[in-house]
Amino acid sequence: MRLSQFHLATVKEVPADAEIASHRLMLRAGMIRKLAAGIYTWTPLGLRVLRRVERVVREEMDRAGAIEMLMPSIQPKELWEETGRWQKFGGQLLKIRDRKDGEFCYGPTHEEVVTDFARNELKSYRQLPLNFYQIQTKFRDEIRPRFGVMRAREFLMKDAYSFHLTPECLDRTYRVMYDAYARIFTRLGLQFRAVQADTGAIGGSASHEFHVLADSGEDAIAFASGSDYAANVELAEAVAPATPRPAPAAPLERVATPTQRTIEEVSAFLGVAPAQCVKTLLVRGRDGLVALCVRGDHELNEIKAAKLPELPGESELASEAEILAATGTRPGFIGPVGLPATIPVIVDRSAAALADFVCGGNADGTHCRGANWERDARLTRVADLRKVVAGDPAPDGRGTLSIARGIEVGHVFQLGQKYAEAMGASVLDEQGKARTMYMGCYGIGVSRIVAAAIEQNHDDAGIVWPEAMAPWRVAVCVINPKHDAKVAEAAETLYRELCARGVDAVLDDRGLRPGAMFADIELIGIPHRVVVSERGLAAGAWEYRRRDEAESRALGHSEVLALFD
RNA sequence: CGGGGUAUAGCUCAGCCUGGUAGAGCGUUGCGUUUGGGACGCAAAAGUCGGGGGUUCGAAUCCCUCUACCCCGACCA
């Protein structure tokens with residue numbers, strides 16, 4: 001490609017609200033342009049990068065035995081009603097109507113469509129297993145799109161769906177996909193970790209997320225220091241304290257805390273550590289309110305709470321009015337001591353190990369001191385309810401946890417029979433009996449990977465692409481070609497030689513001043529640069545520089561070519 | 001959904017409080033001088049001041065309303 005004939009659209013200024021590096025750099029490099037909130041045009045430059053990612057993903061999916069297909073992005077309501085997700089998916093589902101007033105959605109994911117396809121196509125166990133994938137534009141009407149293509153509403157995703165007769169077979173394909181994902185992110189030159197994950201609303205059993213490690217990541221990941229255990233903090237188990245609960249030593253007393261409601265206020269006022277307090281949250285249960293207790297220095301993990309049998313599958317805090325009606329007091333003064341017997345008290349493992357603790361007194365302006373479980377406070381059940389924090393013991397018993405941030409770029413699930421069951425997708429087994437299929441699903445955020453890669457690979461001058469993702473591998477830059485025809489000629493020759501050898505090269509023949517040209521080439525992150533100039537020609541050398549190195553080197557003609565063999 | 005903010009030249013933004021001739025930088029076009037780290041000079045083009053309504057002799061500026069976008073929070077895969 002000759003840049004004089006390309007549409008390179010770098011800009012100097014970027015809106016003040018582009019906060020993270022990848023968003024700013026993608027705008028400055030002219031890779032994307034915003035059309036509406038969370039909706040972006042990929043420019044020719046941006047598309048080149050997107051295609052590189054796609055190519056690696058496609059090659060590895062094919063190698064792993066998946067079969068590419070393409071499903072519609074517009075999907076009929078009826079299919080989504082079969083699984084109940086027309087309602088359950090919520091506001092993220094973009095619903096549209098056609099001219100006959102028929103209802104459709106723009107697909108945020110394709111479990112329904114692929115399961116419908118499978119139930120029509122697959123009749124015999126002998127056709128299984130099969131793994132179908134596609135690379136396609138999805139739309140999720142995010143409440144708050146942000147960070148450019150990192151959290152866009154319209155985005156490019158690779159999604160794969162596998163079908164099996166048995167859970168064992170599903171498990172085998174799941175491992176194959178897991179390995180394929182690791183290869184994809186390795187080939188793309190990304191630092192990543194696979195972590196145990198929550199299965200969320202998509203449902204199912206086993207699940208791993210693949211995260212690109214970056215401080216700007218929206219997810220928190222817990223790592224063990226002594227093993228390769230890694231889990232999303234949503235899922236990471238908070239183990240019970242090693243030391244058992246001490247015997248009560250203090251008498252229960254009620255103390256006046258007229259205006260102190262938060263743990264910070266109460267602990268400061270009474271001169272006790274937050275870790276010696278019990279925080280009580282009332283949530284809506286299946287059958288009236290439920291009390292959840294965690295230690296004052298811990299936070300409730302709502303994902304864990306939602307899985308409690310006492311809760312309706314989601315954890316929603318009770319309103320102030322509900323709390324007042326049930327307990328006679330207001331948030332800030334709730335505690336497990338003397339709570340109405342109709343309210344189950346579920347206590348986190350760490351909170352359950354406390355003795356002589358401080359908690360709400362269930363009366364306005366009152367807290368209890370010297371409270372103890374069983375003796376003073378009812379304890380229905382102990383459960384893992386809290387978010388892990390750095391320094392917690394690792395769930396596998398090997399070392400302690402530390403917390404890092406990551407960007408979720410891939411997710412593999414074992415769906416089990418959830419969708420096949422709901423939609424009646426079955427095949428006949430050896431005995432001629434209908435058997436509901438087992439499914440797995442495997443997603444990769446193709447467009448998000450582009451942003452994630454930039455988060456991990458940039459400097460003050462711009463993007464530093466990993467080789468596999470770069471829009472071009474090498475840039476040939478000509479200095480002042482109009483002044484000396486021999487310089488222009490030499491650059492042209494080098495460019496052609498590189499192309500002839502199959503090297504993806506770009507010739508910057510725009511005739512810009514050197515400063516502007518170098519700034520552009522560095523901004524768009526080309527991994528290798530060769531400068532052809534009058535000065536170099538006189539010395540019989542080319543000036544070569546790697547994007548990730550500070551110094552350039554003088555190389556002879558054949559040495560330059562040899563770099564790319 | 002709640003709270004806050006923004007909308008002015010192709011882009012990034014001033015001007016609005018305190019009503020009175022539409023501004024800057026970057027970019028673009030032309031001419032000239034330049035050519036190893038985002039050059040310089042001269043000239044020029046370019047705006048229904050987001051839409052609608054109101055107040056006023058007069059509205060980018062004040063008021064109402066609609067729309068879009070952004071931020072914080074809640075919510076949600």
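In this text, all values refer to a predicted model and were calculated from it rather than measured experimentally. Chain identifiers are assigned alphabetically (A, B, ...) following the order of the sequence lines, protein sequences preceding nucleic acid strands; residue numbering begins at 1 within each chain.
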What is the distance, to the nearest angstrom, from the [atom1] atom on [X] to the [atom2] atom on [N]?
X      : N     : atom1 : atom2 : result
A:R151 : B:A77 : CZ    : C1'   : 9 Å
A:M517 : B:G38 : CE    : P     : 12 Å
A:E19  : B:C69 : CD    : P     : 17 Å
A:E142 : B:C69 : CD    : C1'   : 17 Å
A:K12  : B:G27 : NZ    : P     : 4 Å
A:R510 : B:G27 : CZ    : C1'   : 15 Å
A:R535 : B:U35 : CZ    : P     : 14 Å
A:L300 : B:A74 : CG    : P     : 13 Å

Check your understanding: For the ring pair A:Y178 and A:F210, is the centre-to-centre distance below 6.0 Å?
Key -> yes
Exercise for review: Would you confirm whether the ring centroid of A:F413 sits within less than 6.0 angstrom of the ring centroid of A:Y174?
Suggested key: no
Exercise for review: Please confirm whether any donor atom in the side chain of A:E234 sits under 3.5 Å from an acceptor in the base of B:A77, or the reverse.
Suggested key: yes
Go ahead and name the base partner of [N]; Watson-Crick or wobble counts if both distances stay under 3.5 Å, otherwise write none.
N     : value
B:A60 : none
B:C13 : B:G23
B:C49 : none
B:G32 : B:C40
B:U55 : none
B:G2  : B:C72

Using atom [atom1] in both nucleotides, what's the gap between [N] and [M] to the nearest angstrom?
N     : M     : atom1 : answer
B:A77 : B:C71 : C1'   : 23 Å
B:A9  : B:U61 : P     : 15 Å
B:C63 : B:A68 : P     : 22 Å
B:G10 : B:G3  : P     : 34 Å
B:A44 : B:G37 : C1'   : 30 Å
B:U29 : B:C69 : C1'   : 32 Å
B:A39 : B:G27 : P     : 8 Å
B:G52 : B:U12 : C1'   : 29 Å

Review point. What ring-ring contact (aromatic ring centres under 6.0 Å, His included) pairs are there with at least one residue in residues 296-325 of chain A, not counting sequence neighbours?
Key: none
Study note, to complete from the structure: Considering only heavy side-chain atoms of A:R140, the closest of B:C1, B:A77, B:C26 is B:A77
Check your understanding: A:I143 side chain: which of B:A77, B:A74, B:G38 is closest?
Key -> B:A74
For [X] and [N], is the shortest distance between a side-chain N/O and OP1 or OP2 below 4.0 Å?
X      : N     : answer
A:R146 : B:C71 : no
A:R513 : B:A39 : yes
A:R144 : B:C71 : yes

Revision key, fill the gap. Sequence neighbours excluded, the answer for salt bridge (charged side-chain N to carboxylate O under 4.0 Å, His left out) partners of A:D141 is A:R153
**Study point:** Partners meeting salt bridge (charged side-chain N to carboxylate O under 4.0 Å, His left out) with A:E549 (sequence neighbours left out)
**Key:** A:R546
Check your understanding: Does A:R405 have any side chain to side chain contact (heavy atoms under 4.5 Å, CB included) partners at least two apart in sequence or in another chain, and if so, which?
Key -> A:A220
Practice item. Could you list the residues that satisfy side chain to side chain contact (heavy atoms under 4.5 Å, CB included) with A:P72, not counting sequence neighbours? Key: A:V113
Revision key, fill the gap. Here the side-chain hydrogen bond (donor to acceptor under 3.5 Å, both in side chains) pairs for residues 22-35 of chain A, sequence neighbours left out, are A:S22-A:E455
**Study point:** side-chain hydrogen bond (donor to acceptor under 3.5 Å, both in side chains) contacts in which one or both residues fall within residues 520-531 of chain A, not counting sequence neighbours
**Key:** A:T10-A:D520, A:E467-A:H528, A:R510-A:D520, A:E522-A:R529, A:H528-A:Y544
Practice item. Determine whether more than 12 heavy atoms belonging to other residues, nucleotides or ligands lie under 6.0 Å from atom NZ of A:K387. Key: no
Check your understanding: How would you label the contact of A:R545 with the nucleic acid (heavy atoms, under 4.0 Å): base, sugar-phosphate, or nothing?
Key -> base
**Study point:** Neighbours of RNA chain B within residues 34-43 of chain A, by heavy-atom distance under 4.0 Å
**Key:** A:K34, A:A37
Any protein N or O atoms within reach of nucleotides 11-13 of chain B? Criterion: under 3.5 Å, listing atom names and distances.
{"unit_1": "B:C13", "atom_1": "OP1", "unit_2": "A:A16", "atom_2": "N", "d": "3.0"}

Check your understanding: Minimum heavy-atom separation for A:A236 to A:Y229, with atom names?
Key -> CA-OH, 3.6 Å
Point to revise | Among A:T137, A:V149, A:V450, the one residue meeting side-chain contact (heavy atoms from CB on, under 4.5 Å) with A:L156 | key: A:T137
